[in-house]
Student: 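Before I ask anything, let me first share the structure, which is written out below as structure tokens.
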Amino acid sequence: MTIESSQPAIEISTLQAEFLGALQTLGGSAGNGKLQQLLAWDDACYESIKAELMLQGQIQAGRGRGGSITLTESQGAAIASPPASQTVTPIEPQPTGRQNLSAFIWSVADLLRGDYKQSDYGKIILPFTVLRRLDCVLAPTKAAVLEEKALRESQGLAPEPFLLRKAGQNFCNVSPLDLKQLLGDTDNIGENLRAYIRGFTSAVRDIFDSFEFHLQIDRLEKAGLLYMVTERFTQIDLHPDTVSNAEMGLVFEELIRKFAELSNETAGEHFTPREVIRLMVNLLFIEDDAALTQAGIVRSLYDPTAGTGGMLSVAEEHLTDLNPTARLVLSGQELNPESYAICKADMLIKGQDIQNICFGNTLSDDKLPDSKYDYMLSNPPFGVEWKKIQKEVQREAEQLGYSGRFGPGLPRVSDGSLLFLLHLISKMRPVSEGGSRLGIVLNGSPLFTGGAGSGESEIRRYVLENDLVEAIIALPTDMFYNTGISTYIWILSNRKPEIRKGKVQLIDASGFWQKMRKSLGSKRKELSEEHIAEITKLFGNFEVAERDGKPVSKIFRNEDFGYRTITVERPQRDEAEKIVLATRGKAKGQPIADASLRDTENVPLTEDVETYFQREVLPHVPDAWIDPEKTKVGYEIPFNRHFYVFTPPRPLEEIDAELQQVTDRILTMLGGLSH
């Protein structure tokens, strides 16, 4: 199947609904600039949808001098924005649908403009959304929880287990306040809000601590905005009867995406493009569809670089779509406090056990040291040095060896990507317990950096000789927010299907992309659903394949990537060109090697060393020999070399003709100037 590198058609009706929903969110009337910013569309898309809606009579030009639009009377009279001195109240009823509701919530940014930078909006909107969701979830049981607390404390018992049972959740709040009650005491709203947050169970308080929400409360108070922002959120109904866990998860992810796009200079560190995650999840689950259709099945998934939780969320969505009765237990660890807070909040909103979401550096302080998982996903930072944690990592490697995580070897300090690969491998379930499969995104250097005997080569040797690598997929450039470099998805498993045993599949998907409507940082390309489906099919078919006459899938044996580095010695010679012999020791009577003439050769593992030496070396240097004590085994995966297609140069006559045309044009132009 051939896939064009162009934008697929999007249903106009969907975009029109999104346009109208966003306009309603802004009060029914808005300037073009503000509305376009909220939608995050490019000029062409915005103008075309606006024109369609004007032709249909659903919107009309406003009266603002800067260019504005308003809903027509047929869509409900345009709602004028209240004066700045009054409290801003959202339109009732609140919009439905993921994008409309997230836009509705994000419209709180109208209050923040001027006092906050755009890239800081999420620091207010995300924790307040979590707070309002928890507030709504606990509302029906609030009175019962407070009564239970008084009862158990009067009995001298620790109340929390009883309170959780009353709340029907794995969290609760023991403050007599809620968000709406806070509005009744305007003068003390900051103090009361802090007290309300302290009333949550410790795992929930940790989320707001990681958001540094207390600092934002202070900042909102100083700006005179805390009351208005709190009131705006009390007008949003986020009770599960109104917005289900699944819907709330999607809304929260949409808010995370908006926040990531506004702060895209660092988004790539904590936010993996959603279509890349969908592809990885497809590749992870494709061979397990039979098992994942069993009723009530439970599986575990782990991400050691969880970021804002995108990989965990998409994996859960995929499994739920495949098998609504299945349950995926999610675990992860994240180093960035804000990303950790977002991830933990997202898991809480979706009903996951947030005890499995941990904070800290995975490599130096594994918070889940004894856990093993069915599936794992990771997008570790590219090319980031690990000097800060070098002592801890080296200590574990030396003291625990293969009993720990880093027995196979340590990469150079300038790039810790392969440390995350080893960490994931250490989390694999034993084959006797069902085994594991994992996917990790790496840049190009782990494929080939480091010669035989180096840490990188030894890690590649370990994964290939233990038959763990199923496939490596090359992605297009410009796929990630903070880098345009080439990236690769590695799929590993200790329970390969029989057909894959002893083999590795390389897939060149670098040509599978479409241009984005709007670039986000370094991200200019994206995978369409058709691209994801085709790459998944190439992986699933496990066969050699071409696309547009060029190879896109190849199958290799594990040993095809191995080689021996042999050291070729040549003898010292005296002034008379006679070979100098050793006069003592074990080497007595044998030629002394001349270090200045020493050379190395890489001999494929699939070829006999002596045969190679006789054919490639001795015809050129007959006095050479191999020093067997210096022979090292190395592994590299020269991905691009395997997919290189030679393109012959054009005929000289054709090139000469073009040059002559250019020369003639230049002469004509010069002739014109002389007149």
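Worth saying up front: this structure is predicted, and the values here are computed from it rather than measured.
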Student: Side-chain donor-acceptor pair under 3.5 Å between Glu465 and Tyr635, yes or no?
Tutor: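 Judged by distance alone, the side chains do pair up.
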Student: When rounded to the nearest 0.5 angstrom, what distance separates CD1 in Ile566 from CD1 in Ile626?
Tutor: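 Answer rounded to 0.5 Å: 4.0 Å.
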Student: Taking the side chain as everything from C-beta on, heavy atoms only, tell me whether Ser331 gets closer than 4.5 Å to Tyr373.
Tutor: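 The answer is yes; the side chains approach within 4.5 Å.
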Student: For the atom pair CD1 (Ile535) and CE (Met280), what is the distance rounded to the nearest 0.5 Å?
Tutor: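 Spacing of CD1 (Ile535) from CE (Met280) equals 12.5 Å.
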Student: Tell me which pairs pass salt bridge (charged side-chain N to carboxylate O under 4.0 Å, His left out) where either residue lies in residues 395-408, with sequence neighbours left out.
Tutor: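 For residues 395-408, and leaving out neighbouring residues, the salt bridge (charged side-chain N to carboxylate O under 4.0 Å, His left out) pairs sorted by first residue read Glu396-Arg405.
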Student: Taking atom types as modelled, find out whether Lys427 and Ser371 have a side-chain donor-acceptor pair closer than 3.5 angstrom.
Tutor: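 The criterion, which ignores hydrogens and geometry beyond distance, is not satisfied for Ser371 and Lys427.
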Student: Where the side chain of Gln333 meets the backbone of Asp365, is there a donor-acceptor pair that is under 3.5 Å apart?
Tutor: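 Yes; judged by distance alone, with no hydrogens or angles, the pair exists.
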Student: What I want to check is whether the side chains of Asn558 and Asp467 have a donor and an acceptor closer together than 3.5 Å.
Tutor: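 Short answer, yes.
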Student: Using side chain to side chain donor-acceptor pair (under 3.5 Å) as the criterion, point out the one residue from Gln352, Lys350, Arg274 that pairs with Ser313.
Tutor: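 Single pass found, and it is Lys350.
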Student: Got Ile637 and Trp490 here, is their nearest side-chain heavy-atom distance under 4.5 Å?
Tutor: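 Touching, per the 4.5 Å side-chain cut-off.
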Student: Is the side chain of Asp303 donor-acceptor paired with the backbone N or O of Gly309 at a distance under 3.5 Å, no angle test?
Tutor: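 Between the backbone of Gly309 and the side chain of Asp303 there is no qualifying donor-acceptor contact (under 3.5 Å).
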Student: For Ser436, does its backbone N or O pair with a side-chain atom of Asn494 as donor and acceptor, under 3.5 Å?
Tutor: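 Checked: pair present.
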Student: As an exercise, state the distance from CD1 of Ile297 to CG of Leu319, rounded to the nearest 0.5 Å.
Tutor: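 Answer for the CD1-CG pair, Ile297 versus Leu319, is 8.5 Å.
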Student: Anything under 30° is parallel, anything over 60° is perpendicular, the rest tilted; go ahead and classify Phe480 against Phe382.
Tutor: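 The arrangement is perpendicular - the two ring planes meet at more than 60°.
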Student: Quick one: does any side-chain atom of Glu458 pair with a main-chain N or O of Pro408 as donor and acceptor, under 3.5 Å?
Tutor: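 Not a single qualifying donor-acceptor pair exists.
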Student: May I have the step-by-step check of side-chain contact (heavy atoms from CB on, under 4.5 Å) for Glu629 and Thr567, ending in yes or no?
Tutor: CA-CA 9 Å; Glu629 293 184 0; Thr567 300; over 6 Å; no
Student: How about Arg429 and Arg495: do any of their side-chain heavy atoms sit closer than 4.5 Å?
Tutor: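 Of all side-chain heavy-atom pairs linking Arg495 with Arg429, none is under 4.5 Å.
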Student: If we ignore angles and hydrogens, is there a donor and acceptor under 3.5 Å between the side chains of Asn602 and Thr565?
Tutor: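 There is such a pair between these side chains.
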Student: Please check: side-chain N/O of Lys372 versus main-chain N/O of Ser426, any donor-acceptor pairing under 3.5 Å?
Tutor: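 Judged by distance alone, yes, a pair lies under 3.5 Å.
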Student: Is the number of heavy atoms from other residues, nucleotides or ligands under 6.0 Å of Lys632 NZ greater than 12?
Tutor: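 No, not enclosed.
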Student: Quick check on Lys503: does its NZ atom have over 12 non-hydrogen neighbours (other residues, nucleotides or ligands) under 6.0 Å away?
Tutor: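 Open.
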Student: Please report the shortest heavy-atom distance between Ser339 and Asn336, naming the atom on each side.
Tutor: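 In terms of heavy atoms, the two residues are closest at N-OD1, 2.9 Å.
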Student: I'd like to know if the side chain of Ser102 and the backbone of Glu254 have a donor-acceptor N/O pair within less than 3.5 Å.
Tutor: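 Such a contact is absent between Ser102 side chain and Glu254 backbone.
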Student: Heavy-atom count check: over 12 atoms from other residues, nucleotides or ligands less than 6.0 Å from Arg278 CZ?
Tutor: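 Counting other residues, nucleotides and ligands, CZ of Arg278 exceeds 12 neighbours.
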Student: Aromatic rings His423 and Tyr302: how do their planes relate, parallel, tilted or perpendicular, breaks at 30° and 60°?
Tutor: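 Taking Tyr302 first and then His423, their aromatic rings sit tilted (interplane angle of 30° to 60°).
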Student: Are Glu607 and Arg615 close enough that some pair of their side-chain heavy atoms sits under 4.5 Å apart?
Tutor: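 Glu607 reaches Arg615 side chain to side chain.
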Student: Output yes when a side-chain donor or acceptor of Asp353 lies under 3.5 Å from a complementary backbone atom of Gln355, and no otherwise.
Tutor: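 Here the side-chain-to-backbone pair exists.
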Student: Can you tell me how far CG of Leu328 sits from CD of Glu317, rounded to the nearest 0.5 angstrom?
Tutor: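 Atom-to-atom, Glu317:CD and Leu328:CG are 11.5 Å apart.
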Student: Would you kindly say whether Ser553 and Glu543 are connected by a side-chain donor-acceptor distance under 3.5 Å?
Tutor: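 The criterion, which ignores hydrogens and geometry beyond distance, is not satisfied for Glu543 and Ser553.
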Student: Using every non-hydrogen atom in the two residues, find where Val544 and Lys554 come nearest and quote the distance to one decimal.
Tutor: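 Closest heavy-atom pair between Val544 and Lys554: CG2-CA, 4.4 Å.
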Student: To check you understand the geometry: which heavy-atom pair defines the closest contact between Lys525 and Glu275, and what is its length?
Tutor: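 Residues Lys525 and Glu275, closest heavy atoms: O-OE2, 4.1 Å.
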Student: Taking Arg460 for the side chain and Thr449 for the main chain, is one N or O donor matched with an acceptor at less than 3.5 Å?
Tutor: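 Yes; judged by distance alone, with no hydrogens or angles, the pair exists.
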Student: So is Arg133 actually on top of Phe252's ring, under 6.0 Å and inside 45° of the axis?
Tutor: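 Ring-cation test returns no.
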Student: What distance separates Leu442 CG from Asp415 CG, expressed to the nearest 0.5 Å?
Tutor: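 With rounding to 0.5 Å, CG (Leu442) is 8.5 Å from CG (Asp415).
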Student: With side chains defined as the heavy atoms from C-beta onward, is the minimum distance between Glu470 and Phe542 less than 4.5 Å?
Tutor: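 SC-SC contact between Glu470 and Phe542 ruled out.
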Student: Would you check if Leu301 and Leu284 make a side-chain contact, meaning some heavy-atom pair closer than 4.5 Å?
Tutor: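 Yes - at least one pair of side-chain heavy atoms lies under 4.5 Å apart.
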Student: Would you mind reporting whether Leu419 and Leu410 have side-chain heavy atoms less than 4.5 Å apart?
Tutor: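 Counting from C-beta outward, Leu410 and Leu419 do come under 4.5 Å.
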Student: Do any N or O atoms from the side chain of Lys367 and from the backbone of Ile357 form a donor-acceptor pair under 3.5 angstrom?
Tutor: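 Absent.
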Student: Does one side chain, of Gln514 or Glu526, offer a donor that lies under 3.5 Å from an acceptor on the other?
Tutor: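 Gln514 vs Glu526: donor-acceptor pair found between side chains.
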Student: Near Lys537 NZ, under 6.0 Å, is it more than 12 heavy atoms from other residues, nucleotides or ligands?
Tutor: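 No, the 6.0 Å shell around NZ holds no more than 12 heavy atoms from other groups.
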Student: For the atom pair CG (Leu438) and OG (Ser378), what is the distance rounded to the nearest 0.5 Å?
Tutor: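 Nearest 0.5 Å value for the CG-OG distance: 9.0 Å.
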Student: Which atoms form the tightest heavy-atom contact between Leu492 and Ile425, and what is the distance?
Tutor: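 Taking Leu492 first and Ile425 second, the nearest heavy atoms are CD2-CD1, 4.1 Å.
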Student: Counting distance only, does the side-chain N/O of Arg547 pair as donor-acceptor with the main-chain N or O of Ala509 below 3.5 Å?
Tutor: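 Not confirmed, Arg547 side chain does not pair with Ala509 backbone.
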Student: Which label fits Tyr375 and Phe285: parallel for a plane angle under 30°, tilted from 30 to 60°, or perpendicular past 60°?
Tutor: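 Because their plane-to-plane angle is over 60°, the rings of Tyr375 and Phe285 count as perpendicular.
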Student: Is Tyr644 close to Arg641 at the side-chain level, that is, under 4.5 Å between some pair of heavy atoms?
Tutor: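 Side chain of Arg641 against side chain of Tyr644, heavy atoms only: no contact under 4.5 Å found.
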